[in-house]
Amino acid sequence: MRDKIVAGNWKMNNDLAETEELLGKLKLQMVKEPEATVMVAPSFTNLYPTFQALKDTPVIVAAQNMHESESGAFTGEISAAMLKSIGVTTVILGHSERRAYFNETGEILAKKVKTAIENEMTVIFCFGEELEDRKNNRHFDLVEKQLKEGLFDLPQSSWKNIILAYEPVWAIGTGETASPEQAQEMHKHIRNLLNKNVGKEVADSTSILYGGSVKPNNAKEIFAKKDVDGGLIGGASLNAVDFVEIVNSF
Ligand code: PEP
């Protein structure tokens with residue numbers, strides 16, 4: 001049985017007061033024991049207050065990024081040890097916005113993943129094609145390349161700490177979602193790649209989330225697909241009612 005997961009990526013939204021307000025609403029809306037594992041990823045400055053506010057709930061708090069080095073002269077960066085020191089043991093890596101705006105290459109991401117695993121953290125690894133890739137029928141190859149660069153050198157034993165998030169860039173924040181069939185087709189491809197490159201056990205047990213304009217009105221259909229194990233949610237995760245509706249969409 002694979003974990004069903006719904007993770008909210010709050011990106012660079014909400015100051016402390018707004019975060020506290022959202023957390024209050026979330027706690028009101030959320031059932032005590034949701035069927036899915038629920039995660040939220042606030043900005044760095046809001047990580048600790050979020051962790052504190054949610055520590056008596058099953059909700060897991062994740063960081064949106066971290067640096068690949070253990071420590072040192074990297075002004076403005078955050079290390080795995082810093083995250084762990086406030087109780088945060090899950091991190092999103094490889095989000096398309098990090099790849100596109102902050103030049104995070106496959107090589108850098110492989111280092112980040114390695115550091116996270118060495119620190120016994122869980123990684124939500126994001127990847128996905130741009131519209132041009134899909135138009136030119138390169139989306140399957142592109143996804144294979146991103147997985148190969150970031151993850152396929154990991155030993156089998158590390159995969160229990162990996163959650164995959166397929167996020168076609170053309171669907172992120174655009175209101176345009178991949179159809180449930182498109183999502184299933186890619187997730188099946190990803191599982192086949194895991195089978196071929198890492199082994200059947202990992203292919204069968206790794207959760208693969210879909211991300212890209214998931215909303216309360218489309219989550220059920222997408223999550224119903226065989227190889228879709230949940231979602232990474234951007235915009236809709238900033239609204240407690242919408243997010244909880246998505247969490248309850250299995
Ligand atoms: C995301 O940024 O990971 C995302 C899926 O955003 P949205 O749901 O807003 O498309």
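Whatever order the structure lists them in is the order used to number ligands and atoms, beginning at 1. Along the sequence shown, residues are numbered consecutively beginning with 1. All values derive from a computational prediction rather than experimental measurement.
Residue contacts with ligand 1: Ser213 is placed with a nitrogen or oxygen under 3.5 Å of a nitrogen or oxygen of the ligand (distance criterion only). Not a single N or O atom of Ile172, backbone or side chain, sits closer than 3.5 Å to an N or O atom of ligand 1. Annotation: Lys215 places no N or O atom under 3.5 Å from an N or O atom of ligand 1; distance criterion only. Among the atoms of Gly173, some N or O lies under 3.5 angstrom from an N or O of ligand 1.
Between the side chains of Glu70 and Asn119, at least one donor N or O lies within less than 3.5 Å of an accepting N or O. Looking at Lys25 and Asn239, their side chains never bring a donor and an acceptor atom within 3.5 Å of each other. Defined by atom type and a distance below 3.5 Å, a donor-acceptor pair is missing between the side-chain atoms of Asn161 and Ser158.
Under 4.0 Å from ligand 1, not a single heavy atom of Ala236 appears.
Using a 4.0 Å cut-off between a side-chain N of Lys or Arg and a carboxylate O of Asp or Glu, Glu104 and Lys112 qualify as a salt bridge. One finds no salt bridge joining Glu245 and Lys215 here, because no Lys/Arg side-chain nitrogen approaches an Asp/Glu carboxylate oxygen to under 4.0 Å. Comment: Arg138 does not engage Glu129 in a salt bridge, judged by the lack of any side-chain N to carboxylate O separation of less than 4.0 angstrom.
Here Met39 sits in one hydrophobic cluster together with Ile5, Ile60, Ile92, Ile124, Ile163, Leu209, Leu232; the rule is ILVMFWY side chains under 4.5 Å apart, joined directly or through other members.
Atom 4 (C) of ligand 1 has as its closest protein heavy atom Gly234 N, 3.6 Å.
Taking only non-hydrogen atoms, the option from His95, Glu167, Gln64 nearest to atom 5 (C) of ligand 1 is Glu167.
The side-chain heavy atoms of Asp229 and Phe223, taken from C-beta on, include no pair separated by under 4.5 Å.
For ligand 1, the atoms lying closer than 4.0 Å to a non-hydrogen atom of Gly235 are 7 (P), 8 (O), 9 (O). Each of the following atoms of ligand 1 lies closer than 4.0 Å to a heavy atom of Gly212: 5 (C), 10 (O). Atom numbering of ligand 1 starts at 1 in the shown order; those under 4.0 Å from a heavy atom of Ala171 are 10 (O). Using a 4.0 Å cut-off to heavy atoms of Lys11, the atoms of ligand 1 that qualify are 1 (C), 2 (O), 6 (O).
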